[in-house]
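Right, one structure below, let's go through it.
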Amino acid sequence: MWTRLLCRLGVAAGAFVTLALPAAAADCARMDHDGQGYTVCTVSAKEEPRLGLWLYDDDGSALNNFGNLRGQLGKQTLAFAMNAGMFHLDYGPVGLFKSGDETHGQLVTAGGGGNFGLLPNGVFCAGGTQPYAVIESRAFADAQPQCRLATQSGPMLVIDGELHPRFLVDSDSRYVRNGVGVSADGQTAWFAISDRPVTFHEFGRLFRDGLAARNALYFDGSISRLYAPQVRRNDFGWPMGPIIGLVDES
């Protein structure tokens with residue numbers, strides 16, 4: 001993963017730009033919660049087949065940014081996208097990455113340093129027995145659920161309706177953060193990013209209290225970025241690893 005220095009630089013480098021971008025179908029909107037601003041992209045059950053998870057291009061090189069991803073999509077249009085999990089210096093995933101028949105990395109259930117190792121961590125699963133799920137990593141290892149898409153990250157933000165026990169109300173650790181939450185019935189996924197640096201506790205409360213997510217997973221907080229033409233976002237910054245997003249046919 002990035003060093004602490006690069007992580008801190010990544011916050012500034014990941015500032016967003018507002019461009020006159022072409023319209024694309026995605027339910028992305030800005031919302032306020034507890035005095036903090038966020039952008040939230042909502043994906044319904046019927047849209048699950050159009051959700052994609054990407055890491056490498058056709059030549060095996062890391063995509064790294066939204067522009068390269070858009071160039072790979074051919075006749076499809078990228079409706080929205082964001083970074084979707086932590087990665088090593090070679091851009092390989094820290095944990096499990098699965099997109100259809102493509103699998104990289106492996107499920108990690110042990111604790112460790114950094115946010116990824118702040119157990120419990122978890123896996124976002126799409127296209128399983130229900131459209132969307134966020135599953136704690138050890139429970140995932142036991143159940144071995146079938147997922148069309150799966151990306152592991154950490155920590156969990158919300159666990160069965162409760163905030164992660166390590167989150168502090170008065171924490172001074174603030175980053176622009178992004179993640180995903182899932183409704184209790186698994187029919188809706190919310191992909192959110194903060195407008196400004198927030199604490200884990202504030203970000204978790206967005207999912208638990210603002211969106212009523214039963215479970216939610218942290219993606220990152222140092223290279224967090226969003227592509228969402230609907231709200232004129234095309235964020236730039238350090239190269240990314242895994243990217244998740246919704247596509248439309250042109």
Side-chain angles (χ1 to χ4, degrees), residues 1-16 28-42 82-87 94-95 108 111-124 134-137 151-183 189-226 228 231 233 235-238 240-242 244:
M1 277 184 285
W2 296 105
T3 63
R4 182 173 296 274
L5 174 60
L6 288 179
C7 286
R8 293 189 179 278
L9 288 173
V11 175
F16 63 81
C28 297
R30 294 188 174 95
M31 69 173 288
D32 292 325
H33 186 262
D34 281 353
Q36 299 291 345
Y38 302 90
T39 298
V40 180
C41 295
T42 304
M82 65 167 48
N83 55 294
M86 300 175 188
F87 52 93
V94 174
V108 178
N115 292 325
F116 185 94
L118 187 62
L119 299 183
N121 55 21
V123 180
F124 172 69
V134 169
I135 306 169
E136 188 272 328
S137 294
T151 182
Q152 185 183 14
S153 192
M156 296 272 286
L157 296 166
V158 182
I159 310 152
D160 294 332
E162 300 293 334
L163 296 183
H164 192 291
R166 299 283 297 277
F167 293 172
L168 302 176
V169 175
D170 58 353
S171 172
D172 60 0
S173 175
R174 292 181 172 272
Y175 289 92
V176 172
R177 304 183 189 271
N178 74 302
V180 60
V182 173
S183 61
W190 297 284
F191 297 88
I193 185 170
S194 64
D195 291 343
R196 294 181 175 84
V198 294
T199 65
F200 270 129
H201 203 279
E202 289 168 336
F203 197 42
R205 294 202 312 269
L206 165 74
F207 285 102
R208 185 192 65 179
D209 304 332
L211 297 170
R214 182 68 178 170
N215 291 283
L217 180 66
Y218 179 64
F219 279 156
D220 214 323
S222 54
I223 55 92
S224 299
R225 292 195 296 286
L226 174 70
V231 291
R233 287 278 295 268
D235 301 357
F236 62 91
W238 293 102
M240 295 178 281
I244 198 164

- request: Indicate yes or no for a side-chain donor-acceptor contact from T151 to the backbone of A84 under 3.5 Å, with no hydrogens or angles considered.
  value: yes

- request: Can you sort out the partners of Y38 under side chain to side chain donor-acceptor pair (under 3.5 Å), two or more places apart, ordered by chain and number?
  value: none

task: Please test S173 against T199 for side-chain contact (heavy atoms from CB on, under 4.5 Å), starting from the C-alpha separation and ending with a verdict.
output: CA-CA 6 Å; S173 175; T199 65; over 6 Å; no

query: Any side-chain heavy atom of F219 sitting closer than 4.5 Å to one from I193?
result: no

Heavy-atom pair of closest approach, residues T39 and V231: CG2-CG2, 4.1 Å

- prompt: If every non-hydrogen atom of G85 is compared with every non-hydrogen atom of S153, which pair is closest and at what distance?
  reply: CA-OG, 4.0 Å

message: One pair to check against side-chain contact (heavy atoms from CB on, under 4.5 Å): N83 and N178. What are the steps and the verdict?
response: CA-CA 8 Å; N83 55 294; N178 74 302; 3.1 Å; yes

task: Indicate whether the side chain of Q36 and that of S194 have a donor and an acceptor atom separated by less than 3.5 Å.
output: no

- request: Go through the steps for I244 and M82 under the test side-chain contact (heavy atoms from CB on, under 4.5 Å), then give the verdict.
  value: CA-CA 6 Å; I244 198 164; M82 65 167 48; 4.0 Å; yes

- prompt: Are any non-hydrogen side-chain atoms of C28 and F191 less than 4.5 angstrom apart?
  reply: no

Using atom types as modelled, flag every donor-acceptor pair under 3.5 Å from a side chain in residues 156-165 to any protein atom, sequence neighbours excluded.
residue : atom : partner : partner atom : Å
H164    : ND1  : R166    : N            : 3.1
H164    : NE2  : L118    : O            : 3.2
H164    : NE2  : L119    : O            : 3.1

- request: Please name the residue in the list F124, F116, F200, F207 that meets the ring pair (Phe, Tyr, Trp, His ring centres under 6.0 Å) test with Y218.
  value: F200

- prompt: Just wondering, do S137 and Q152 contact through their side chains at under 4.5 Å, heavy atoms?
  reply: yes

Taking every non-hydrogen atom, the tightest pair across C41 and L226: SG-CD1, 4.2 Å

query: Stepwise, does the side-chain contact (heavy atoms from CB on, under 4.5 Å) test hold for N215 with V182?
result: CA-CA 6 Å; N215 291 283; V182 173; 5.5 Å; no

- request: Under the side chain to side chain donor-acceptor pair (under 3.5 Å) rule, collect the residues that match up with D32, sequence neighbours excluded.
  value: none

task: Please report the shortest heavy-atom distance between R177 and V198, naming the atom on each side.
output: NE-O, 2.7 Å

- prompt: Less than 4.0 Å between a side-chain N and a carboxylate O, is that true for E202 and R174?
  reply: yes

- request: Decide yes or no for D220 and M240: does some side-chain heavy atom of the first lie under 4.5 Å from some side-chain heavy atom of the second?
  value: no

